[in-house]
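The structure appears below as structure tokens.
Every heavy atom of this structure was used, including side-chain atoms; hydrogens, water molecules and symmetry mates were not. The sequence lines fix the lettering, A, B, ..., with proteins before strands; numbering per chain opens at 1. Just so it is clear, the structure is predicted and the values come from calculations on it, not from any experiment.
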Amino acid sequence: MIFRTHYCGLIDKQDAGQEVAIVGWIHRRRDHGGVIFFDMRDETGLVQVVYNPDNKETFALAESCRAEFVLLSKGIVRERPEGTINPDLASGEIEIIASELTILNTSLALPFQLDEHASVGEETRLKYRFLDLRREAMQSNIRLRAKVSHSLRNVLNEEGFLEIETPLLTKATPEGARDYLVPSRTYPGSFFALPQSPQLFKQTLMASGFEKYYQFARCFRDEDLRADRQPEFTQIDIESAFVDANDIINTVTRMISKVFKETLEVDLEDFPHLTYAEAIEKYGTDKPDLRNPLELVEVKDLFINSDFKVFSEPANSDDSRIAALCIPMGGSLSRKKIDDYTDFVGTFGAKGLAYIKVDDPSKGKDGLQSPIIKFIDESIIEKLLVSLDVKEGDIVFFGAGKRKVVNDSLSALRDLVAQDLDLLTSEWAPCWIVDFPMFEIASSGLITPLHHPFTAPRCSIKELIKDPLLALTDAYDIVLNGTELGGGSVRIHDHEMQSAVLKILNINQDEAEEKFGFLILALKHGCPPHAGLAIGFDRLIMLMTKSDSIRDVIAFPKTQTASCLMTNAPGPASSEQLDELHLKIQDLNKET
RNA sequence: GGACCGGUAGUUCAGUUGGUUUAGAACGCCGCCCUGUCACGGCGGAGGUCGCGAGUUCGAGUCUCGUCCGGUCCGCCA
């Protein structure tokens, strides 16, 4: 059966006079009693179909149609009469005078309107996702996603990368996020884990002689969700043998640039490289938004001998910092706004938010307004004004305390202020963060890898063991507009180095053997030097579509509590299924 | 695990210090009218477990507690 001869959105003046058949949904209907207009919608767009009463049967049928009915319409294309052209519609110069109408399917009254003017809550959208996805905004997001994935594959294939799939039913990895587990029927009491990433497999593939690997890898992490985090997500996973960090960085820079050009017609200019240490110093974060011109200034040294305890204590403590964030013309911020900012930094653990309003910098202390100024010596103030280079009308915020708290709170404040005062200077600002430390001390007090335990330190085993916290790595993160898009590293390919790292992390040999003995074994059998990276595909699309949430670029996403409102997953299993899997459900009421 | 915001008609929302109308509006829906609209228009109509459960009160959409759902964030996400 031939449904259609033409697509709705593609019919134009050239087709005038032709008999056409179109299919699609009734996007909107306008029933004037004596004449009925339908805007018919298919993948390509809209076209107006006109039903006249002289064709009685068809007209009666059209009267019975409602929004989102699925129709097959036949008719003659004609140029619209004088004065009825719609310039907002691609096909607005023509219309179809209907001669025949077949209703292919009806539709219940919609739970929400699909046009771009109506706003709908996310709960309703997710429950009726099939309708939500019909909306123009979602259509264009999902279509861009497909276009980008196509473009990425093209680039990677052109560069000689080979797409290889790795298992979803696999084994729990060491540390990291909580795993999603799948019970084994054939091994009672045993479980597969869904991969948090294909890290170990891709390194194994390097040992297998596939020198350039990539995969659109589905990854699973059972952790609490955020606007940019879903329990299952897609990574563009890349690994190459016989390359160094710069090879990977260059390849990925080329790839991202090309994809932006091909899909958005955007030229990403340069990708500056910042060291981890620089990024923390200037922005308080390892994923700075470089569209934002604001920078933190370290003013710790000025307060070493101050009487003002709030500042002098951190000034004399090694794991503390005092940073200033100067907002040009920020003096106009209301008291209320400053209070809001104070509450805001409080969520990151800051005890307060000191500030100085600059009325007239030439007057020194007298030209300033601040609740803290009376506690600070004139001489310190003078030095402060010089090093911050403040101007009339500015406001300076201060963070003083533990490094982590100051960095977390001021980096977040930097983003918020830029948003509130509309300070962003460009549309796109990619960058690379390099020279990550190998380890850090986590809040638990334990030494943990910044990236992962398979990242190669730059130093020798001897130096590494001597002071692990000093070791830097060839790890690199790509950051776009303040979002960590992806990251990677040069990997350890020497089993002795790998053992040394595991030892520092207190992962004993038995545990290592049990969890990833196969990788260590592969390292011992001629594994080449290799490096790679993974990019968060969903986040990339979120940025490219300027969406506020990753959910808007995933066809069927989960809610913040990791459920699917359309399918109602997760759901209970039957007792037969549980028996087969040797599982028993605890009495849920008995818990606690 | 924690903080905060929200939940009222199909949808998006309003609902005053707790009480006066029968809990409203817009859009949608249904009916009638309308031959050039394009977010058509006009007239009329239907539509509510105020998320759920307790409590305070003479009286609760409104206050309190608990709970569920959605969202933002902290923790968490090597």
Side-chain angles (χ1 to χ4, degrees), chain A residues 27-40 46-54 59 66-68 80-89 91-92 95 97 107-128 131 173-179 196-197 199-200 219-231 233 340 343-350 404-405 408-409 412 416 436 438-440 442-444 446-455 475 484 487 489 501-502 505 507 515 536 548-549 551 558-561 563 565:
Chain A
H27 188 65
R28 198 172 281 285
R29 70 195 174 93
R30 293 177 291 279
D31 184 346
H32 287 234
V35 60
I36 300 172
F37 302 99
F38 288 168
D39 289 340
M40 293 301 298
L46 299 175
V47 69
Q48 174 164 283
V49 180
V50 186
Y51 295 88
N52 286 310
D54 38 307
F59 188 78
R66 293 294 180 266
E68 297 301 307
R80 291 201 189 186
E82 192 74 25
T84 66
I85 286 171
N86 182 352
D88 298 331
L89 215 58
S91 64
E95 60 192 3
I97 307 301
S107 171
L108 295 176
L110 300 173
F112 54 88
Q113 286 154 266
L114 304 187
D115 60 87
E116 65 272 29
H117 311 284
S119 65
V120 201
E122 191 152 9
E123 204 169 343
T124 314
R125 288 175 52 203
L126 289 176
K127 179 170 178 195
Y128 292 94
L131 293 178
T173 42
E175 306 173 311
R178 203 174 290 118
D179 286 309
Q196 294 179 25
S197 82
Q199 181 62 32
L200 299 179
C219 305
F220 304 85
R221 293 179 190 176
D222 187 5
E223 293 294 344
D224 289 340
L225 308 184
R226 290 286 188 279
D228 63 353
R229 269 161 39 186
Q230 280 276 300
F233 59 98
D340 288 349
D343 291 345
F344 178 72
V345 296
T347 65
F348 299 90
K404 183 172 159 46
V405 170
D408 288 355
S409 54
L416 185 61
F436 281 82
M438 178 73 192
F439 302 107
E440 66 179 344
S443 50
S444 60
L446 297 173
I447 188 164
T448 52
L450 229 71
H451 191 50
H452 59 53
F454 312 106
T455 300
E484 182 193 329
S489 62
V501 168
L502 295 174
L505 293 171
I507 298 175
K515 295 204 163 139
D548 293 326
S549 157
R551 295 183 298 276
K558 309 264 187 300
T559 65
Q560 193 163 47
T561 46
S563 73
L565 296 181

Heavy-atom donor-acceptor pair, A/R551 side-chain to B/G71 base, under 3.5 Å: no
Closest-nucleotide 5' rank along RNA chain B - winner of A/K558 and A/F348: A/K558
Distance-only donor-acceptor test, A/R30 side-chain atoms vs B/U35 base atoms, 3.5 Å: no
Rounded distance in Å between the C1' positions of B/A9 and B/C5: 23 Å
Base of B/U11 and ring of A/F112 stacked, centres under 5.5 Å, planes under 30°: no
Stacking of A/H32 on B/C40 base (centres under 5.5 Å, planes under 30°): yes
Short side-chain N/O contact to B/G70 OP1/OP2 from A/S563, under 4.0 Å: yes
Sugar-phosphate only, base, or nothing, as touched by A/R125 at under 4.0 Å among non-hydrogen atoms: nothing
Note: A/E122-A/R551 ion pair, threshold 4.0 Å (strictly below): yes
Full working for side chain to side chain donor-acceptor pair (under 3.5 Å) between A/Q196 and A/D179: CA-CA 7 Å; A/Q196 294 179 25; A/D179 286 309; 2.7 Å; yes
Residue whose nearest RNA chain B nucleotide is more 5′ - A/E223 or A/S549: A/S549
No-H, no-angle donor-acceptor pair, A/E82 side chain to B/G36 base, under 3.5 Å: no
Side-chain donor/acceptor of A/R229 to base of B/C77, under 3.5 Å: yes
